[in-house]
Student: 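Take this structure first; my questions come after.
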Amino acid sequence: MDMNRTHRGKWRGAVLAVLLSAGTLTAAAPGAHADGARTETPVKSTSPVTAVTESMVRVKVPLPESAGPRPAACDWLSYLRYRSAAGPAASADADRILIAQPGILEGAGAFDSVARNTVERAAEAGRHIEFWALDRRSNCLEDRTGIASGDQHTAVDYYYRGKPVGGRTFAGFTGNAQLGWTAKLGIEQTVRDQYDLLTAELPSQAQRKQKVLCGGHSLGGVITGYFAAADFDGDRATTADAGYNQCAGYFALDTTVSTSLADLSGSIPGDTNLPDIGLGYGVVQAGLDSGVLPRTLSAPVLLNPETMTLLGIAGLGALDDLEGEADLPRYLPANVNIEATNRFLFAKDTAAFLSGKPAVKDFRLTNGAVLGALLDDNSVPLAFLQTSVGFFDGGPVADKSFPVANGGDQQAGPYGTAYKAIPERPQGPLYTWRNYDRVGDPDDPGHRSADGTPFTGAGEEVTDIRQLARSLAEQPLDFTEQYFPTKLVTDIRLATSPQVKKLVVHPEGLKANPVLTVLAGEGLLAGRVPAELHPVIADGYQHLDVLTAAPVQNDGRPEPVSTGLADFARSPRQQP
């Protein structure tokens with residue numbers, strides 16, 4: 001065993017355990033909530049972007065009593081605050097503040113790379129800005145103790161075998177019966193949370209209007225649209241409280257600022273437990289209130305709390321020893337959920353999925369290859385989870401034809417357009433991971449599909465797998481979201497119902513401010529956004545790459561998403 005690696009893991013775990021302790025650093029900020037409850041906890045990071053300071057901020061903003069019983073932690077709102085280390089300590093003194101809503105099944109930690117890159121780009125141009133990555137209120141249900149230990153085996157034992165960490169035992173993944181209060185977490189409460197957080201942290205409306213840029217990724221663009229059109233004092237004649245008057249501009253990351261899900265249909269998996277929208281608003285709400293309908297979004301494969309936790313655990317292994325041989329597939333417990341997920345992600349074809357042979361544990365994989373198999377666009381068959389982090393190395397690969405064959409419809413959709421591959425030889429060589437910046441090097445074997453199509457190329461790889469692992473395993477607020485409120489997406493899908501239409505009080509707010517739209521060149525909206533939006537296109541990017549891409553790309557250019565955001569923050573302007 002590498003003792004230096006062991007000590008690093010223990011040190012990281014100890015630091016993260018401290019950071020995750022509520023109230024580590026308490027400060028009554030000038031803009032804090034009326035009861036003065038606010039904590040700001042420094043986050044220790046191993047990111048190579050060292051000129052950016054990160055902290056986790058929690059502000060107490062209780063839900064109304066009508067929401068019903070809920071954990072005390074769920075009366076707090078949380079976000080990750082990124083600022084220039086050389087800039088002002090107070091947010092009110094920053095040149096600009098970008099506040100970002102996460103997408104579906106996404107947490108604040110997913111913004112880590114783009115936030116750091118954007119703040120650093122702006123600082124290089126002499127501007128000290130902040131980036132606030134919001135966490136949805138329901139993420140209060142997540143327990144990061146196992147991940148924060150810094151050790152894969154400890155994390156697996158904590159979440160799946162009931163073993164304690166630091167005297168704490170995992171209470172289990174929360175079931176539908178305990179989630180009654182989340183039936184109230186629709187679009188109205190979500191935009192209210194953003195407004196309450198902004199007014200608590202920046203009490204001056206004039207200052208918010210001057211300095212704040214509102215936006216988000218994926219579903220976060222639609223939430224931003226509803227925020228822009230909302231009225232927060234109940235009087236449409238007074239507009240200082242209107243959503244659009246809290247922002248100097250809007251930004252959309254592989255999304256659009258709108259009040260429609262039409263462009264984002266691929267971001268919602270078709271096999272989840274999302275209820276039939278044909279039931280109508282009243283019936284859906286009654287079903288959520290009673291628990292007859294599922295109150296959070298999940299699916300039997302990958303998209304549920306038990307298996308989403310595996311992404312952070314896989315990140316731990318890659319962060320600690322990227323090139324080391326993984327034992328995670330063999331160390332995980334055998335249960336129906338994990339087995340089905342492994343088969344779905346690692347089956348070469350339908351026969352392999354049905355038989356379970358060969359299984360992922362039959363292959364020799366490095367920790368990097370395990371993480372790549374879970375999130376790379378040439379492996380994972382779910383477009384909204386795809387990044388471009390490199391490719392398998394160390395042995396021959398084959399086409400992955402399950403759940404869909406390569407070479408079909410090239411229109412972006414639920415499975416994406418990238419050709420999928422899988423290691424070919426069980427019990428064979430140690431499969432490693434070729435990082436994004438080594439694709440196309442002279443020693444790259446340049447794997448091709450059976451039809452002769454290259455699986456990938458240097459221009460299609462943009463995210464550093466080491467930094468993806470760090471974002472998954474090192475953040476105090478999760479990269480993924482275990483308890484996404486069903487009501488949030490059903491509200492938006494029922495946008496024409498009177499109950500939802502009434503929330504769009506100021507439709508003019510959608511066009512009241514300049515907008516920056518940034519699209520992933522191979523993402524969910526590729527070729528589907530109106531030209532009049534003048535989007536910035538990030539070539540080769542997948543849906544998550546707009547958040548995770550490395551600061552310098554394979555062609556030597558600066559990362560275009562953060563560059564565009566930093567430029568927009570300097571001088572928001574309507575696109576021509």
Side-chain angles (χ1 to χ4, degrees), residues 56 77-80 82 98-115 131-142 144 147 182 185 187 190 193-194 214-224 227 251-256 261 263-269 272 274 296-299 302-305 307-312 314-315 374-375 377 380 382-387 414 416 463 467-489 492 518 520 523-525 541-549 561:
M56 179 177 68
L77 299 175
S78 303
Y79 68 96
L80 296 177
Y82 298 85
L98 285 72
I99 183 168
Q101 282 281 355
I104 195 167
L105 297 168
E106 192 171 276
F111 288 96
D112 185 70
S113 288
V114 71
F131 193 110
W132 295 1
L134 300 182
D135 218 32
R136 248 183 296 280
R137 187 186 286 270
S138 53
N139 288 354
C140 62
L141 296 167
E142 296 174 1
R144 295 282 289 170
I147 303 294
T182 65
L185 300 186
I187 188 62
T190 300
D193 283 349
Q194 179 171 337
C214 303
H217 173 244
S218 192
L219 185 71
V222 179
I223 294 172
T224 299
F227 181 83
F251 60 93
L253 305 179
D254 209 34
T255 183
T256 58
L261 276 175
D263 290 333
L264 291 172
S265 56
S267 70
I268 302 175
T272 62
L274 190 66
T296 59
L297 202 63
S298 67
L302 187 59
L303 306 177
N304 58 73
T307 47
M308 292 289 267
T309 301
L310 293 176
L311 294 176
L374 288 171
L375 286 172
D377 60 335
V380 65
L382 297 172
F384 76 100
L385 280 177
Q386 291 175 353
T387 58
T463 290
Q467 299 314 309
L468 178 63
R470 187 184 57 74
S471 295
L472 283 162
E474 199 176 75
Q475 290 301 310
L477 299 178
D478 214 345
F479 185 108
T480 54
E481 181 177 25
Q482 297 178 13
Y483 300 98
F484 178 88
T486 303
K487 180 171 171 57
L488 179 54
V489 73
I492 298 172
V518 183
L524 294 173
L525 302 185
Y541 281 43
Q542 296 289 351
H543 189 55
L544 282 183
D545 287 321
V546 297
L547 306 183
T548 62
V561 179

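The first residue in the sequence is number 1, and the count goes up from there. Computed from a predicted model, the values in this text were never measured in an experiment.
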Student: If you measure from NE2 on His543 to OG1 on Thr255, what distance do you get to the nearest 0.5 Å?
Tutor: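 If we round to the nearest 0.5 Å, His543:NE2 and Thr255:OG1 are 7.5 Å apart.
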Student: Check Ala252 against Thr256 and note the closest heavy-atom contact, atom names and distance.
Tutor: CB-CA, 4.0 Å
Student: Going from CD on Gln194 to CD1 on Ile99, what distance comes out if it is rounded to the nearest 0.5 angstrom?
Tutor: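 CD1 of Ile99 is found 4.5 Å from CD of Gln194.
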Student: Rounded to the nearest 0.5 Å, how far apart are CZ of Arg136 and CG of Leu185?
Tutor: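 Atom-to-atom, Arg136:CZ and Leu185:CG are 10.0 Å apart.
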Student: If every non-hydrogen atom of Tyr483 is compared with every non-hydrogen atom of Ser138, which pair is closest and at what distance?
Tutor: O-OG, 2.9 Å
Student: Search all heavy atoms of Asp112 against all heavy atoms of Arg470 and return the closest pair with its distance.
Tutor: OD2-NH2, 2.5 Å
Student: Between Arg137 and Thr182 (side chain of the first, backbone of the second, donor and acceptor by atom type, cut-off under 3.5 Å), is there such a pair?
Tutor: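 Checking the backbone N and O of Thr182 against the side chain of Arg137, no donor-acceptor pair under 3.5 Å is found.
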Student: Compare every heavy atom of Val546 with every heavy atom of Val561, then report the nearest pair and how far apart it is.
Tutor: CG1-O, 3.5 Å
Student: Say whether, by atom type as modelled, one donor and one acceptor occur between the side chain of Asn304 and the main chain of Ala299 under 3.5 angstrom.
Tutor: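 Yes, the answer is positive, given that a donor and an acceptor are paired below the 3.5 Å cut-off.
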Student: So, the side chain of Asp135 versus the backbone of Ala108: is there a donor-acceptor pair under 3.5 Å, distance only?
Tutor: yes
Student: Grab the two heavy atoms, one from Ile492 and one from Ile187, that are nearest each other, plus how far apart they are.
Tutor: CD1-CD1, 4.2 Å
Student: Rounded to the nearest 0.5 Å, how far apart are CG of Leu477 and OG of Ser78?
Tutor: 5.5 Å
Student: Which value, rounded to the nearest 0.5 Å, describes the distance between Gln542 atom CD and Leu385 atom CG?
Tutor: 11.5 Å
Student: What heavy-atom pair brings Thr309 and Ile147 nearest, and what distance separates the two atoms?
Tutor: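 For Thr309 and Ile147, the tightest heavy-atom pair comes out as O-CD1, 4.3 Å.
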Student: Under a 3.5 Å distance rule, please check whether Glu142 uses its side chain to pair with a backbone N or O of Gln482 as donor and acceptor.
Tutor: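 At least one qualifying donor-acceptor pair exists.
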Student: When you measure from the side chain of Gln386 to the backbone of Val380, do you find a donor-acceptor pair of N or O atoms at a distance under 3.5 Å?
Tutor: yes
